[in-house]
Each structure stands twice: as structure tokens, then as C-alpha cells.
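Per chain, numbering begins at 1; letters A, B, ... match sequence-line order.
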Amino acid sequence: STIVLVFEAPADFEFTIHAGDKVKVGQCLGDI
Amino acid sequence: VITAWTSTPTKWYPLPLAVGALLLVAIQYRRKVRNSAKEVEVDEEGREVIKLKGPWHVHVIGALPLRNMSRLWGYVNSLELPVWFRPYGYRLYAYAFGCNLDEIEPSDLRSYPSLGAFFYRKLKDGARPVDPAVLVSPADGTILHFGTIDQDYMRVEQVKGITYHLDALLGVERPGSPVAMVEHNRDASTVDDQEFAIVNGIEYTLEQLIGGSGTSSEESSTPSTPPNEVADDSDHPDPHAPPKKFGQRIDASVVEPERNTTAHDASVALEMGVKPALERKYSTGARNVRPGNTLHFAVIYLAPGDYHRFHSPTAWVVEKRRHFVGELFSVSPWMAKRLENLFVLNERVALLGRWKYGFFGMVPVGATNVGSIKVNFDQTLRTNVRGRPPPPGTYTEAVYSNASPILRGQPLTPAEEMGGFCLG
């Protein structure tokens, strides 16, 4: 199964992850 | 052979010009055929026709009755296991797929009657600390891909070099839809210095909004739109009519929430800047991005051993859901690299709404082994049911405008449990 997130964000939004990273619920994906 | 290979003299001579010209023609022809295969086929309305595209083994998998296999898989895994066998069976499963049994609740493995129940296990309170960032992971899994969406082309990259259209993933926004309706009624809803708000003629104080000493809005007044009534059904087609074309909405209903508290609404409202739905300058939607903002996407893959419930990735309001019945291909990274339009072909539930920066969408996508998607606040949703799937792109839609008269949708706080994937 997969979850796709699509969202609008300001230009200064940055992902804090990399492709292939293992993540857990509540872990930071991105921030402003 | 060795003697012939070593002792035969090599004699070089020029090819005739015609052979060289023929070779160039053949190369050009091959390149043209490859490029034409990559061209997007569109219907009479100019929308991309979603078809199964990929190497031969993808077509072989596509010929299998995946939906029936998925339901059979679900049935087998719902069978009750002998109590004595459960600890051994689940420990073996956990060992094979890397599950952490220390964090599950309840921890007694004998309390899970079937593998399906164990698969949909809960976690202990506090097992997943929540980061204060604006966006957190909605699930345990692996990041497959992420990035920005070019708003000129509106295409999302599945993997490097393979893209699909955002409209095909989320559905096409139509005039008369709930988001458009809220925007249309904007003049009737005003906020005065954030001290009180008038929503469709009903006055709310800030205390009512944030759950202070005042009575809740549910107690003090009722929303102007009665429950279970579609607020604007002028654009809703006959729910029993068959889908005619790509992107057609084939049903519309308003879902009654199980329970919502004003305090819960307020916690979301405060995180969103208090005035969502009341004083919005821009209609939310993937095609209504505010000036200076960008559309982003992220794809998280849940492996068989991962915790399979999903949570809210931020403070947001879900305005509607669109259920796309489709195929149930595997969504493993191996398949994602080979099958074009994988996330558009598969059965999925697009939850669409807004957060404090504008549009927000979350799309749980089913797969062969996990074809059933549950959404806690939507008891009417049924996925992976028997029957031939409608053409790709058609969907059923439900709106959550009655869930909260303040927020005009289902409010969610960061990391709040939303639902999950079940076996089969």
C-alpha cells in the first residue's frame, strides 16, 4: 500500500527527507 | 572454432553508400516509433486515456484477476486461527517481515484472532512521538519519491522519467463542488477582528470557536444546512446513471460524522489560523494555488511488515473524499518503476481539503494484498467490493460539510489516526 500526499505550500517549504528513507508516523517530513 | 577465430584473416572493406543510408533510415524509424509510444493518448475532451503500459511482465500481471485474488486473500486471512498457534504464527510473520512486537497494543499475541487482525494492529500510546514540524509522516514506511509539481503541466513524477497527471490522481474539480460552493458563499460568512464569526447567518463567539467558557456551537445553534442534505446538488448527476466519460462524478452524498466536538474543531482552527472557511480569499484546490505557493508531493510506501494504519500528516480539514475503484496492482518500488500510471490505475481514496497554506490532499492507494481502505470518520466508504471496476478516472464522491459547521469539513490534528489498510 502507498500514501500519496499532494499539497500547496509556500516557496520556503523544504522537505527534510530523502528518497529511500524509512519514516515513522509523526516523524518530520518537511518544514517551513 | 578457436582455430577459426584465431587464424582466419580479417579483411576490411567499405560498405556501399546505400547500405549506410538504409542503416540511418532504420535508426530514425526506430527512434520515431519509440517517441510515438511515449505520446499521450487523449479522449475527445483532451484528457489522457489511462491504459496499462509497461513491459511484457506488467501485461502478464495485468491479465490476472487481481481484485478477486485480493478478496480471496482477505477472506483467507480473516479465518480464525487456533489460540495455541497464534503466538508462533505471528512471531514467524514478525520475524519474516521485520515487525516490532514490543510496540503493539495489546501485546498478547493470542488476542489477535486472525492474521488480518494482527496486520491491522494498533500501537501503544506514545510509541510514535509527533514532531512539531508543519508536515509529519502519516504512516510507517519508505519514502519512494517526493518533489514539486510543475503547475503548467500538472504532472506528478512517479519515478524518474515516468509521470502521471494530477487530475487523473485526484479527479477533476467541477463547478458546484463543495469547495466551489464555500467560496461562492464567502460573502455570507464574515469575521470581525476574529472576535466573533457569522456563518450563514449564525453567530459564533471566539470562545465558542475555541471551546472556552461559552456553550458549544452545537448546543447553541444548528447549522443552516440540515444534516444529510446536499447543500448544492445542482451539479450532481443521477447517482444510478452509468459513468459516461473520464473524470465523471457518479455519486454524491453528505456523510454524517460520528461525533465532533467544538474543542476539537477549535484546536484545528487555531493551528490553521482560526479563520478557515470563514474568510478565505482563495478557493482551495490543486488548480487554485495561491500566488507564491508551489504544489508539492510525497509518496510513502508501506511494506507488508509495517504498521498499516495511517494518521493525519498535519492540522487540516478534509472537505471531501473521492473513491476511485480500480485495479489492485502491487505498489512495490519494483512495480512503480515498470508500470506507468500505477497510482492512477489502482483503487484509491482521495481525501481533499485544506490546511493553513491552502490545498491539501492525501491519497491512500490500495494494492493486491491490501485492497481495503478504511477511513475512521467515513463509515459509508466501502472499498474492494465485488464487481467489474468502472473505467479509470470515474469516482464516487462524498462531502463532509456537515462534520463541522465552523470548518465545513472533517477537522484533523497532526498524527490523529485517520484509518488504515486491511488485508484483502
Side-chain angles (χ1 to χ4, degrees), chain A, chain B residues 123 128-131 133-147 149 156 166 169-170 284 286 289-290 292-302 307-311 313-314 331 336 343 346 348 355 357-367 369-370 373 414-415 421:
Chain A
S1 40
T2 298
I3 293 175
V4 182
L5 300 177
V6 180
F7 54 94
E8 175 184 351
D12 53 348
F13 175 84
E14 281 188 9
F15 283 106
T16 54
I17 47 172
H18 299 94
D21 282 358
K22 296 265 185 193
V23 291
K24 293 201 179 288
V25 172
Q27 184 179 326
C28 175
L29 289 187
D31 209 348
I32 293 171
Chain B
L123 295 183
R128 296 285 182 271
V130 183
D131 195 280
V134 294
L135 185 74
V136 297
S137 176
D140 286 8
T142 306
I143 301 294
L144 271 191
H145 204 29
F146 65 92
I149 299 170
V156 188
L166 188 64
L169 177 75
L170 304 179
T284 49
V289 173
R290 299 176 198 181
N293 281 6
T294 314
L295 275 177
H296 300 259
F297 75 95
V299 184
I300 301 161
Y301 168 67
L302 286 71
Y307 166 68
H308 260 72
R309 297 190 185 208
F310 51 78
H311 295 239
T314 187
V331 289
F343 302 131
N346 266 21
R348 63 198 180 279
W355 69 330
Y357 304 109
F359 168 76
F360 198 95
M362 177 171 166
V363 188
V365 184
N369 62 333
V370 278
I373 301 167
F421 298 96

Cut-off 3.5 Å, no hydrogens considered: what does the side-chain donor-acceptor table look like for residues 292-300 of chain B, sequence neighbours left out?
residue  : atom : partner  : partner atom : Å
B:Asn293 : ND2  : A:Glu8   : OE2          : 3.0
B:Asn293 : ND2  : B:Tyr357 : O            : 3.1

Assess the residue pair B:Ser137 and A:Val25 against the criterion (side chain to side chain contact (heavy atoms under 4.5 Å, CB included)); give the C-alpha distance rounded to whole Å, side-chain angles, the decisive distance to 0.1 Å, and a yes or no. CA-CA 5 Å; B:Ser137 176; A:Val25 172; 5.6 Å; no
Per-residue contact mode, B:Ile149 against chain A (heavy atom under 4.5 angstrom): side chain
Listed partners of B:Ala367 passing side-chain contact (heavy atoms from CB on, under 4.5 Å), at least two apart: B:Val331, B:Asn369, B:Val370
Taking it one step at a time, do B:Arg309 and B:Asp140 satisfy salt bridge (Lys or Arg N to Asp or Glu O under 4.0 Å)? CA-CA 8 Å; B:Arg309 297 190 185 208; B:Asp140 286 8; over 6 Å; no
Need one label for B:Leu169: side chain, backbone, both or neither, based on atoms under 4.5 Å from any heavy atom in chain A. side chain
For B:Pro313, is it the side chain, the backbone, both or neither that has a heavy atom under 4.5 Å from a heavy atom of chain A? side chain
Specify which of B:Leu302, B:Leu144, B:Leu123, B:Val156 makes the most heavy-atom pairs with chain A at under 4.5 Å. B:Leu302
Side chain, backbone, both or neither: which part of B:Phe343 has an atom under 4.5 Å from a heavy atom of chain A? side chain
Identify which of B:Pro138, B:Gly141, B:Pro364 forms the greatest number of heavy-atom pairs closer than 4.5 Å to chain A. B:Gly141
So A:Phe15 and A:Phe13, would you call those rings parallel, tilted or perpendicular, with 30° and 60° as cut-offs? perpendicular
